[in-house]
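Below: the structure, in structure tokens.
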Amino acid sequence: MGPVRGYKKRRKIEKREETSEEGSVDWWDEFSKRIGGLLSSTKGMDKFESVFKISRKTFNYICSLVKEDMMAKPGNFVFTNGQPMSLNDQVAVALRRLSSGDSLLTIGDAFGLNHSTVSQVTWRFVEIMEERALHHLQWPSTEPEITGITSKFEKIRGLPNCCGAIDTTHIMMCLASADSSNHVWLDRENHHSMILQAIVDPDMRFRDIVTGWPGKMKDSSVLQSSNFLKLCEKGQRLNGKKIELAEGSEINEYIIGDSGYPLLPWLVTPYQGKELSESKAEFNRRHFATRMVAQRALARLKEMWKVIQGVMWRPDKNRLPRIILVCCLLHNIVIDLEDEVQDEMPLSHHHDLGYRQQISELFDNNGSILRDKLSLYLSGRLPP
């Protein structure tokens, strides 16, 4: 599955935001009685937010995104007592499944549903969201957007004209070892896994993702297979205005990544080696501090949407990339709607524990020139 780009501008979001016609307050009063067991351990937080990890405003907005499709073809889903599931009921079940990572049986018992109903409702929600919410995951298309991103990145540790930070994480799966067809998913740490590569902006928003490849693929190989790389090579990405660092010394737009990625004219990686000059060591420190935003975004993604955090039990490997995509869309929606619930979550950068740092030996001379310019500029040694 290649990178996902949106088709609507973010400033239109507010126009689509509306309150579910079922009335979230009245619906929640009734629904909360059904899931009393889930609420018994709630302390401090709003009970709604403790169950779904999002505010009611965000919940209503998500309902508004899927309402038309869900209502056009009602699935005739019912609780075990025969009561039909409303739109809000279905969205609530799907969000709980994605955010908690609990099994279908656990969700079913908590909500009064057959586990097969939980599965069907969740999958229907995923199918609709990947169509209706794609405008929340797109590469910035206007100069003001790009300027806002580069300005925020520069404020972190001084890197000018940086447009994104790239990183990968592994979504682990429990697959039957006896099935030889599953060997392709065995990664270098002896886990069955699927790769998610993401390019992130300074607000931890995903701007481009690639997923679906086996976890054994190197970061550099995932990048090489991506549509993002092809667009960059055609001059259709990271092709905005250059900035002048000093007279006669310009730099183009670029993204940053760790040593697992190749050094390219538009992808800047750290200097390698132990005996580095002070300017190169300082560049690496600034580079590391800036690219941490990608690590935090992936850690937050897995923390909020726990269905992809642990080890998934024999998942459908054709459906899993679409579930990952929708989790990324939900992650971005929380950011786009400035949901305050995210502020209560701890910030971490640990998203791939147990995986060793990869090292790519691939480099491009123009990439080396760009990195050296940045290093000299940041150390104040660039000739005027």
Side-chain angles (χ1 to χ4, degrees), residues 2-18 57-58 61 64-65 132-167 197-210 226-246 249-257 264-268 286-287 289-294 296-297 300-301 325 328-340 342-343 370 373-374 377-378:
V4 181
R5 293 171 301 284
Y7 49 82
K8 294 188 180 179
K9 296 180 181 178
R10 185 163 284 105
R11 61 174 174 268
K12 293 184 179 178
I13 293 172
E14 288 79 12
K15 295 180 181 178
R16 300 188 61 175
E17 186 173 346
E18 57 188 61
K57 170 190 168 185
T58 302
Y61 173 70
S64 77
L65 286 178
R132 294 294 183 178
L134 274 182
H135 57 286
H136 282 280
L137 203 164
Q138 61 180 339
W139 191 255
S141 58
T142 67
E143 189 172 316
E145 275 188 291
I146 289 286
T147 301
I149 287 171
T150 57
S151 176
K152 286 183 177 180
F153 268 124
E154 188 166 5
K155 287 178 181 177
I156 298 175
R157 287 301 298 274
L159 287 176
N161 224 23
C162 177
C163 295
I166 188 171
D167 202 357
Q197 174 187 277
I199 301 176
V200 176
D201 72 16
D203 296 316
M204 298 199 298
R205 184 183 290 107
F206 297 119
R207 290 294 187 165
D208 189 282
I209 68 165
V210 177
S226 70
N227 194 44
F228 187 85
L229 179 135
K230 295 178 177 65
L231 290 171
C232 287
E233 291 183 337
K234 292 177 182 176
Q236 297 173 7
R237 277 283 183 276
L238 300 172
N239 59 346
K241 67 178 183 180
K242 298 180 179 181
I243 66 168
E244 190 173 69
L245 298 181
S249 181
E250 291 183 326
I251 60 166
N252 51 275
E253 294 176 344
Y254 60 91
I255 61 174
I256 58 174
L264 300 172
W266 46 267
L267 173 51
V268 179
R286 290 172 182 260
H287 184 281
T290 306
R291 76 171 189 268
M292 283 288 287
V293 68
R296 291 191 184 107
R300 172 64 58 84
L301 173 75
L325 165 61
C328 290
L329 293 173
L330 290 166
H331 169 98
N332 280 5
I333 287 172
V334 169
I335 295 171
D336 291 343
L337 268 62
E338 300 179 350
D339 194 321
E340 294 179 357
Q342 66 179 327
D343 298 332
L370 170 59
K373 283 183 181 179
L374 288 168
Y377 168 75
L378 292 171

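By the 4.5 Å heavy-atom criterion applied to side chains, R291 and D167 are not counted as neighbours. A 4.5 Å side-chain heavy-atom check between F206 and L325 finds every atom pair outside the cut-off. Counting heavy atoms from C-beta outward, P265 and N252 have side chains that stay 4.5 Å or more apart.
Taking both residues in full, the closest heavy atoms of P160 and I243 are given as CB-CD1, 3.5 Å, listed atom of the first, atom of the second, then distance. Considering all non-hydrogen atoms of both residues, R205 and I335 come closest at NH2-CG2, 3.4 Å. In terms of heavy atoms, A133 sits closest to L65 at CB-CD1, 4.0 Å. Contact detail for R300 and M204: the closest heavy-atom pair is NH1-CE, 4.1 Å.
Residues that satisfy the side chain to side chain donor-acceptor pair (under 3.5 Å) test with D203, not counting sequence neighbours, are K152. By the side-chain contact (heavy atoms from CB on, under 4.5 Å) test, K230 pairs with N227, sequence neighbours left out. Residues satisfying the side-chain contact (heavy atoms from CB on, under 4.5 Å) criterion with R157, sequence neighbours excluded, are E282, R286, A289, T290.
Proximity of a side-chain donor or acceptor of R207 to a complementary backbone N or O of Q138 within less than 3.5 Å is detected. No side-chain donor-acceptor contact under 3.5 Å links T147 to the backbone of P144.
The distance from the OG atom of S226 to the CD1 atom of I209 is 12.0 Å, given to the nearest 0.5 Å.
Using cut-offs of 30° and 60° on the angle between ring planes, the pair W266 and F228 is perpendicular.
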